[in-house]
Amino acid sequence: MSDATTTASAADPTAKRSVRDLVRAAISGWLGTALEFMDYQLYSLAAALVFADLFFSSENPAVAVVAAMATYGVGYVARPVGAFFFARLGDKTGRTKVLFYTILLMGLATTLIGFLPTYDQVGILAPILLVLLRIAQGFGAGAEISGAGVMLAEYAPAKRRGIIASLVALGTNCGTLLASGIWAILLVTFSEDEVIDWAWRIPFVASAVIMLFAIWVRFNLKETPVFEERDDVVDGKALSKAEALQLATETGDVRTLEAMQRKPWKAFSIALLLRFGQAGNSGMIQTYLISYITVVLLLDRSIGVNAVIVSSLVAFVTVPLSGWLGDRFGRKRMYMVWAIIALIVIVPTMLMISSKDTVQVFVGYVVLHNLAVMSFASLENLTLPEIFGARNRYTYTAMAREIAAIVATGAGPVIAAAWVSAVTGSFVPIIIMLVFFTLCALVASIWMPEVAGRDLTDPRDAI
């Protein structure tokens, strides 16, 4: 069979799924990602607002904030391990089975955080238990958003992958909005003493409701048509490398033979840099910047939370728009455009935030968050799966995401907190870090080939 014939026959395996199947997959991916980011935003806001008081003992408030941010980073240490374990399983047995396990583990860990004793109650045991739950949360989350992105990319028609897969990024936005909204309500409804005493537990315990709903949606979700269409998948399970090579040799499968000979370092490096840009900016803006507004600028705690809410609402436009533009003009071009725009706005928006004027803080945060984080997130959830070949797509996507996350999102807020403290509150370190992360995405977008509309059953990487 010629390559042209093979491509034509495999061009639209998504036609084997009904619109109802696509909708169910889209809701599943959206819900799981929303839960993951709600979990993480609940913690990041709690770390910025109250966890320094609850779980860490220090006479220096800045040191306590650094410790709280470090515990936030611990979750990212577990993510690559979880990504490797679950994603490899997903490439062998299918995406939907694994996504059922990840959401269960992630949701349980988050709920249990709401039942933890504090430092005043049990001493050093409190931060130890918090770290253990953060590790469990990270282990499950490590393969969640990657799996959701892969699943939707393999479900969606080629010409609409961008807009449909952007639902994963919209899930991140919904989770962030929900977590921020819950915190805003808590800060308005209860006094600061009540929040620190017991009310902080409410959002963590309540997250169990969303977890149960997401599990119900994923129950009996059909496997992606692209996974089932793969030549190396027999009876719902991928052949081993040796078996796939033998089959390809016997059938003259040129694509698989080429894929076996290629080294993945180029494709992986591009994916890693793209992710490094988005993840680094996300950690700086969605986690540390909230703490900076509260602890360094000494503004009311509700200002940072409300700024996140407003920005998340704006992102309901930014995310699908970025996905649609990726379908219209290609992933490569739009990555370059967003990166250049983000570089232009970093300094002016940080000047606005540091002015301490409430309106300027809101405008600066919204512009920076949407252009430097959410626009990248929309493209990323589709571009990374399109870069990799069918056989190892889930594994490489998850590992690229999580290795970048542990370095950028996990370490970034810790470095920022220490650096800003060392220079007595200057925002210059924040600007330097944001510029660096954004340049990573720009360099990768220049290096990468165009991947829009690729045949996702192709076992070869895009480069």
Task: Evaluation steps, side-chain contact (heavy atoms from CB on, under 4.5 Å), between Tyr365 and Val310 - done: CA-CA 9 Å; Tyr365 185 90; Val310 173; over 6 Å; no

Task: Distance (rounded to the nearest 0.5 Å) between Leu31 CG and Leu99 CG - done: 12.0 Å

Open item on the list: Just by distance, no angles: are the side chains of Thr102 and Glu144 close enough, under 3.5 Å, to form a donor-acceptor pair?
Closed with: yes

Task: From Met350 atom CE to Leu368 atom CG, the distance as rounded to the nearest 0.5 Å - done: 7.5 Å

Task: Intermediate values then yes/no, side-chain hydrogen bond (donor to acceptor under 3.5 Å, both in side chains), Ser375 and Asn370 - done: CA-CA 6 Å; Ser375 61; Asn370 276 267; over 6 Å; no

Open item on the list: In the structure I gave you, are the side-chain heavy atoms of Arg401 and Glu380 within less than 4.5 Å of one another anywhere?
Closed with: yes

Task: CZ-CG distance between Phe268 and Asp461, expressed to the nearest 0.5 angstrom - done: 11.0 Å

Open item on the list: On the six-membered ring of Tyr43, is Arg134 placed so that its NZ or CZ lies under 6.0 angstrom from the centre and within 45° of the ring axis?
Closed with: yes

Open item on the list: For Trp216, I'd like to know if atom CH2 has over 12 heavy atoms of other residues, nucleotides or ligands within 6.0 Å.
Closed with: no

Open item on the list: Going by the rule side chain to side chain donor-acceptor pair (under 3.5 Å), which residues pair with Glu36 if we only count those two or more places apart in sequence or in a different chain?
Closed with: Arg79

TODO: Go through the steps to decide whether Thr96 and Arg218 satisfy the test side-chain contact (heavy atoms from CB on, under 4.5 Å), and finish with yes or no.
DONE: CA-CA 7 Å; Thr96 57; Arg218 287 189 178 177; over 6 Å; no

Task: Considering all heavy atoms, the nearest Ala83-Glu402 contact - done: CB-CG, 3.5 Å

Open item on the list: To check you understand the geometry: which heavy-atom pair defines the closest contact between Val217 and Arg24, and what is its length?
Closed with: O-NH2, 2.9 Å

Open item on the list: I need the Ser166 OG to Arg161 CZ distance, nearest 0.5 Å.
Closed with: 14.0 Å

- [ ] Might you point out which heavy atoms bring Phe139 and Val81 nearest each other, and give the distance in Å?
- [x] CE1-CG1, 3.7 Å

Task: Distance-minimising heavy-atom pair for Gly304 and Ile290 - done: O-CD1, 3.6 Å

TODO: Nearest 0.5 Å please: distance from the CD1 atom of Ile293 over to the CG atom of Asp300.
DONE: 11.5 Å

Task: Evaluation steps, side-chain contact (heavy atoms from CB on, under 4.5 Å), between Asp232 and Thr256 - done: CA-CA 9 Å; Asp232 65 332; Thr256 298; over 6 Å; no

Open item on the list: As an exercise, state the distance from CZ of Phe204 to CG of Asp39, rounded to the nearest 0.5 Å.
Closed with: 8.5 Å

Open item on the list: Which heavy atom of Ile113 sits nearest to which heavy atom of Leu130, and what is that distance?
Closed with: CG2-CD1, 4.2 Å

- [ ] Before accepting this row, confirm whether a basic side-chain N of the pair Glu154/Arg393 lies closer than 4.0 Å to the acidic partner's carboxylate O.
- [x] yes

Task: Arg328 atom CZ: more than 12 heavy-atom contacts under 6.0 Å - done: no

Open item on the list: Between Arg255 and Asp455 (salt bridge meaning N to carboxylate O under 4.0 Å), is one present in this structure?
Closed with: yes

Task: Pair Phe276-Phe437, ring-ring contact (aromatic ring centres under 6.0 Å, His included): steps then yes or no - done: CA-CA 6 Å; Phe276 204 76; Phe437 289 133; 5.4 Å; yes

TODO: Can you establish whether the number of heavy atoms outside Phe362 located under 6.0 Å from its atom CZ is more than 12?
DONE: yes

Open item on the list: Before you tell me yes or no, could you show the steps for Lys332 and Glu450 under salt bridge (Lys or Arg N to Asp or Glu O under 4.0 Å), namely the whole-Å CA-CA distance, both residues' side-chain angles and the distance that decides it to 0.1 Å?
Closed with: CA-CA 5 Å; Lys332 177 182 176 73; Glu450 181 54 67; over 6 Å; no

Open item on the list: Do Val195 and Trp183 make a side-chain contact, defined as non-hydrogen atoms from C-beta onward lying under 4.5 Å apart?
Closed with: yes

Open item on the list: Just checking Phe190: does its CZ atom have more than 12 heavy atoms from other residues, nucleotides or ligands closer to it than 6.0 angstrom?
Closed with: yes

Task: Derivation and outcome, side-chain contact (heavy atoms from CB on, under 4.5 Å), residues Met399 and Leu272 - done: CA-CA 9 Å; Met399 292 307 298; Leu272 195 67; over 6 Å; no

- [ ] Considering non-hydrogen atoms only, spot the tightest contact between Arg201 and Gly114 and give its length.
- [x] NH1-O, 3.0 Å

